[in-house]
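Take a look at the structure below.
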Amino acid sequence: MIMGLFFSDPTYDVVKVGGWLSGDEVVLEDVTMQEASDYIDSRSGWLFGDGNTYKIVKHQW
């Protein structure tokens with residue numbers, strides 16, 4: 001069990017980038033890279049996007 005903690009796949013957070021008056025906000029925590037990418041892809045686009053900018057960062061314990 002302990003070995004699994006040290007050698008598990010990394011997880012990621014999705015962060016909504018803030019603007020001048022607000023800071024960055026974590027909107028999805030501790031997910032795989034694929035899940036993070038899917039989250040961003042579902043919210044981006046010219047017509048149906050939410051207008052926010054997102055970034056993927058490695059999850060910090």
Side-chain angles (χ1 to χ4, degrees):
M1 178 68 179
I2 293 175
M3 234 173 136
L5 293 174
F6 295 110
F7 298 107
S8 62
D9 291 333
T11 58
Y12 301 90
D13 297 337
V14 177
V15 177
K16 181 169 69 171
V17 178
W20 287 91
L21 300 175
S22 62
D24 293 352
E25 174 187 356
V26 176
V27 293
L28 193 62
E29 291 184 274
D30 200 20
V31 297
T32 65
M33 179 59 83
Q34 183 63 48
E35 290 171 316
S37 294
D38 290 345
Y39 182 89
I40 292 173
D41 289 345
S42 70
R43 283 158 179 73
S44 59
W46 285 87
L47 296 175
F48 300 109
D50 64 6
N52 294 308
T53 301
Y54 297 93
K55 64 182 176 180
I56 298 172
V57 296
K58 191 169 182 180
H59 181 73
Q60 299 294 319
W61 295 96

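Here the structure is a predicted model, which is why all the values come from computation and not from measurement. All residue numbers refer to positions in the sequence shown, counting from 1.
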>> If you define the side chain from C-beta out and look only at heavy atoms, does anything of Ile40 sit under 4.5 Å from Val14?
In response: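 Yes. Closest side-chain heavy atoms under 4.5 Å.
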>> Give me each pair satisfying salt bridge (Lys or Arg N to Asp or Glu O under 4.0 Å) with a member in residues 40-61, each pair once, sequence neighbours excluded.
In response: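 Salt bridge (Lys or Arg N to Asp or Glu O under 4.0 Å) check on residues 40-61 returns Asp24-Lys55.
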> Taking the hydrophobic residues Ile, Leu, Val, Met, Phe, Trp and Tyr, and joining any pair whose side-chain heavy atoms are under 4.5 Å apart, which ones share a cluster with Val26?
Replying inline: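 In the cluster with Val26 are Val15, Val57.
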Please tabulate, for side-chain N and O atoms in residues 27-35, each donor-acceptor pair with protein atoms closer than 3.5 Å (sequence neighbours left out).
| from | atom 1 | to | atom 2 | distance (Å) |
| --- | --- | --- | --- | --- |
| Asp30 | OD1 | Thr11 | OG1 | 2.6 |
| Thr32 | OG1 | Glu35 | N | 3.2 |
| Thr32 | OG1 | Glu35 | OE1 | 3.3 |
| Gln34 | NE2 | Asp38 | OD1 | 2.8 |
| Gln34 | NE2 | Asp38 | OD2 | 3.4 |
| Glu35 | OE1 | Thr32 | N | 2.9 |

> Roughly how far, to the nearest 0.5 Å, is the OH atom of Tyr12 from the OG atom of Ser37?
Replying inline: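 The distance works out to 9.5 Å.
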